[in-house]
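Structure first, commentary second.
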Amino acid sequence: DAAGPAWSRSWCRAEFLLWRFKNDSAPLPFLSTGPAGDPQAGVLGNPATRLYGDNQLDYQWNAVGRLTLGWWRPTHPTVGFELSGFGTETHTVHEEVNATGLDGHPVIARPFFNLLTGLPDAQTITSPQDPLGGKYFGGIDIFGDSRTWGGELNVLWRSDVVAAPWQWRLLAGFRYLGQKDQLRFSQSSTVLALGTVGFGGAPAPIPDIVSLRDYFETTNHYFGAQGGFEVTRHAGRWALDLSAKIGPGATVQRQQIDGHTLLTDPTGFTQKLAGGLFATPDILGHHERCRFAWASEANVRLAYAVSANWQVSVGYTFLYWDGVVRPAHQLPRGVDPRQVPSHLAYLGPNPTRPAPFHSGDFWAQGVSLGLTLRY
């Protein structure tokens, strides 16, 4: 027998979800290596170049909490309201690559496309010998953070209040989604012999340390209307819930770009220039724009009534969001070395281009475990 009334006036559902996010990807691989002394060491397209990892930030599985509250109007039992919100953990990915030999072995480089020459290029971080005889000991840390949250408020309409195997509900309402991502590169090169690693357009002196930081942060706020349906199939204590929602809206896209290059001598005295490798001086700062977007969500949930008022459930959720900016995707493929303080061609800050805004889609999917109170 059914463990409770087919229609409850109010309900509260708490869920734990395990979601997999779409990876954030850059236009080029993050790190590369090649033979010491090769003028094209670490340059993409060189047959001797090998990659450290790839161009992906893989956030794998993320813990999510979701709470849903709903009620039917006592005076109009075919009309109800449902309020729901969720938040994910802040998930961090970290990759660290360092020289293993005191002479700077092996070569560690960051590939990019040189806008000055029109050819692929690479920035050296460590090397036992660069094309000019330089030698550097050091390494690089790559950090990525991601967090997503959201909420929605819907008006529900149900077909009737009579118990039936299939119960249909239409919905319309408002949805909000938010996402914040960060990507940071922190590298250092201790100069053991003069070469291609510079500061301010000149070779960095021995035994100074050239440190570089690139920081890209993106935030997205989505506001939109939505419509959809929910359907429930009862079979004794069991219930199968299906729902789908979709709607148009707008995403406010924001990004913060920061970067600097430091030269530190053995006494600790430090000089600083604005800009890193990808976070060049011409695109530093806060940038914002608003773009049309849309979002959709689908849920499947199998519930079992353990008593007249309590249900346990297991389910699957798929969330899709179009028009999102993420930090790795904002890394410029092409770099003007005249804007890079650690490059020998450096001439100083000279705004030459707008900040990049490359939109893409975002999805999250995964399983859920829930507990529902109906009364």
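A donor-acceptor contact under 3.5 angstrom links the side chains of Asp265 and Thr267, judged on distance only. Looking at Ser84 and Glu152, their side chains never bring a donor and an acceptor atom within 3.5 Å of each other. Side-chain atoms of Asp361 and Tyr320 form a donor-acceptor pair, as typed in the model, at a separation below 3.5 Å. Defined by atom type and a distance below 3.5 Å, a donor-acceptor pair is present between the side-chain atoms of Thr270 and Thr264. Using a 3.5 Å distance cut-off with no hydrogens or angles, the side chains of Tyr215 and Gln182 do pair a donor with an acceptor. Neither side chain, Asn299 nor Asp241, offers a donor N or O lying under 3.5 Å from an acceptor on the other. Remark: the Thr92 side chain and the Arg147 side chain contain no N/O donor-acceptor pair separated by less than 3.5 Å. Using modelled atom types and a 3.5 Å distance limit, the side chains of Thr280 and Asp282 yield a donor-acceptor pair. Of the N and O atoms on the side chains of Gln226 and Asn154, at least one donor lies less than 3.5 Å from an acceptor on the other residue. Between the side chains of Ser243 and Arg301, no donor-acceptor pair is found at a separation under 3.5 Å. With hydrogens and angles left out, the side-chain atoms of Arg326 and Ser25 include no donor and acceptor closer than 3.5 Å. At a cut-off of 3.5 Å, with distance as the only test, a side-chain donor of Trp321 or Thr251 sits close to an acceptor on the other residue. In this model, a donor atom of one side chain and an acceptor atom of the other lie less than 3.5 Å apart for Ser359 and Gln253. At a cut-off of 3.5 Å, with distance as the only test, a side-chain donor of Ser146 or Asp181 sits close to an acceptor on the other residue. Under the 3.5 Å distance criterion, with hydrogens and angles disregarded, a donor-acceptor pair is assigned to the side chains of Gln311 and Arg374. Using a 3.5 Å distance cut-off with no hydrogens or angles, the side chains of Gln167 and His234 do pair a donor with an acceptor. A donor-acceptor pair shorter than 3.5 Å cannot be found between the side chains of Thr218 and Gln330.
Electrostatic pairing of Glu95 and Arg184 does not count as a salt bridge here, judged by no charged N lying under 4.0 Å from a carboxylate O. Using a cutoff of 4.0 Å between basic side-chain nitrogens and carboxylate oxygens, Glu230 and Arg158 are not scored as salt-bridged. Looking at Asp130 and Lys135, no side-chain N of the basic residue comes within less than 4.0 Å of a carboxylate O on the acidic one, giving no salt bridge. Residues Arg110 and Asp214 are paired through a salt bridge, judged by an N-O separation under 4.0 Å between the basic side chain and the carboxylate.
In this structure, CG in Leu153 is found 9.0 Å from CZ in Phe174, a value given to the nearest 0.5 Å. Atoms CZ and CZ, on Arg9 and Arg73 in that order, are 12.5 Å from each other to the nearest 0.5 Å. In this structure, CG in Asn220 is found 12.5 Å from CZ in Arg291, a value given to the nearest 0.5 Å.
In plain terms, the two heavy atoms of Trp61 and Leu18 that are nearest each other are CZ3-O, 3.7 Å. Taking both residues in full, the closest heavy atoms of Tyr136 and Leu194 are given as OH-C, 4.2 Å, listed atom of the first, atom of the second, then distance. Heavy-atom minimum distance, Pro120 versus Leu44: CB-O, 3.5 Å. Residue Ser32 comes nearest to Thr49 through the heavy atom pair CB-CG2, 4.0 Å, listed as atom of the first residue, atom of the second, then distance. In this structure, Pro341 and Ala274 approach most closely via the heavy-atom pair CG-O, 3.4 Å. Pairing each heavy atom of Ile125 with each of Ser189, the nearest pair is O-OG, 2.7 Å.
Checked against Phe30 for a side-chain contact (heavy atoms from CB on, under 4.5 Å), the options Leu331, Ile140, Asp54 give a single hit: Leu331. When each of Arg254, Gln179, Lys180 is tested with His221 by the rule side-chain contact (heavy atoms from CB on, under 4.5 Å), just one qualifies, namely Arg254.
Under a hydrophobic-cluster definition in which Ile, Leu, Val, Met, Phe, Trp and Tyr are linked whenever side-chain heavy atoms come within less than 4.5 Å, directly or via other members, Phe112 and Tyr346 are assigned to different clusters. In the hydrophobic clustering of this structure, Tyr304 groups with Tyr375; members are Ile, Leu, Val, Met, Phe, Trp, Tyr whose side-chain heavy atoms approach within less than 4.5 Å, directly or through other members. Hydrophobic cluster membership differs between Val340 and Val191, with clusters built from Ile, Leu, Val, Met, Phe, Trp and Tyr side chains linked at under 4.5 angstrom. Grouping the Ile, Leu, Val, Met, Phe, Trp and Tyr side chains by contacts below 4.5 angstrom, directly or via other members, places Val210 apart from Ile142. Ile206 and Phe269 are assigned to two separate hydrophobic clusters, defined by single-linkage of ILVMFWY side chains at heavy-atom distances under 4.5 Å.
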Check step by step if salt bridge (Lys or Arg N to Asp or Glu O under 4.0 Å) holds for Asp58 and Arg20. CA-CA 9 Å; Asp58 186 355; Arg20 181 73 185 235; 3.0 Å; yes
For side-chain contact (heavy atoms from CB on, under 4.5 Å), just list the numbers for Leu171 and Val155, CA-CA rounded to whole Å, side-chain angles, deciding distance to a tenth of an Å, and then say yes or no. CA-CA 5 Å; Leu171 64 88; Val155 180; over 6 Å; no
Yes or no on side-chain contact (heavy atoms from CB on, under 4.5 Å) for Phe278 and Val335, after CA distance, side-chain angles and deciding distance? CA-CA 7 Å; Phe278 291 111; Val335 174; 3.7 Å; yes
Please walk me through it: do Leu156 and Leu170 pass side-chain contact (heavy atoms from CB on, under 4.5 Å)? CA-CA 6 Å; Leu156 308 177; Leu170 299 178; over 6 Å; no
Criterion side-chain hydrogen bond (donor to acceptor under 3.5 Å, both in side chains) on Thr317 and Arg66, from CA distance to verdict: CA-CA 11 Å; Thr317 297; Arg66 181 165 64 184; 3.2 Å; yes
Apply the test side-chain hydrogen bond (donor to acceptor under 3.5 Å, both in side chains) to residues Ser342 and Gln123: give CA-CA distance (whole Å), side-chain angles for both, the deciding distance (0.1 Å), then the verdict. CA-CA 9 Å; Ser342 60; Gln123 181 192 61; 2.9 Å; yes
Would you please test Phe137 and Asp103 for side-chain contact (heavy atoms from CB on, under 4.5 Å) and show each step? CA-CA 6 Å; Phe137 176 83; Asp103 63 346; over 6 Å; no
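Judged by distance alone, with hydrogens and angles left aside, the side-chain atoms of Asn62 form no donor-acceptor pair with the main-chain N or O of Glu89 at under 3.5 Å. The main-chain N or O of Gly138 is never found under 3.5 Å from a side-chain atom of Ser188 such that the two would form a donor-acceptor pair. Between the Asn55 side chain and the Pro29 main chain, no donor and acceptor come within less than 3.5 Å of each other. With hydrogens and angles disregarded, a donor-acceptor distance shorter than 3.5 Å links the side chain of Asn46 to the backbone of Gln40. Side chain of Ser211 to main chain of Thr261: no donor-acceptor pair is present (N/O by atom type, distance under 3.5 Å, no hydrogens or angles). A donor-acceptor contact shorter than 3.5 Å is absent between the side chain of His358 and the backbone of His329.
More than 12 heavy atoms of other residues, nucleotides or ligands sit less than 6.0 Å from atom NE2 of His287.
The distance between the ring centers of Phe223 and Tyr176 falls below 6.0 angstrom. Trp19 has its ring centre less than 6.0 Å from the ring centre of Phe86.
Note: Trp168 and Phe229 have tilted aromatic rings, judged against thresholds of 30 and 60 degrees for the angle between ring planes.
With a 4.5 Å cut-off on side-chain heavy atoms, Ile108 and Ser127 do not count as touching.
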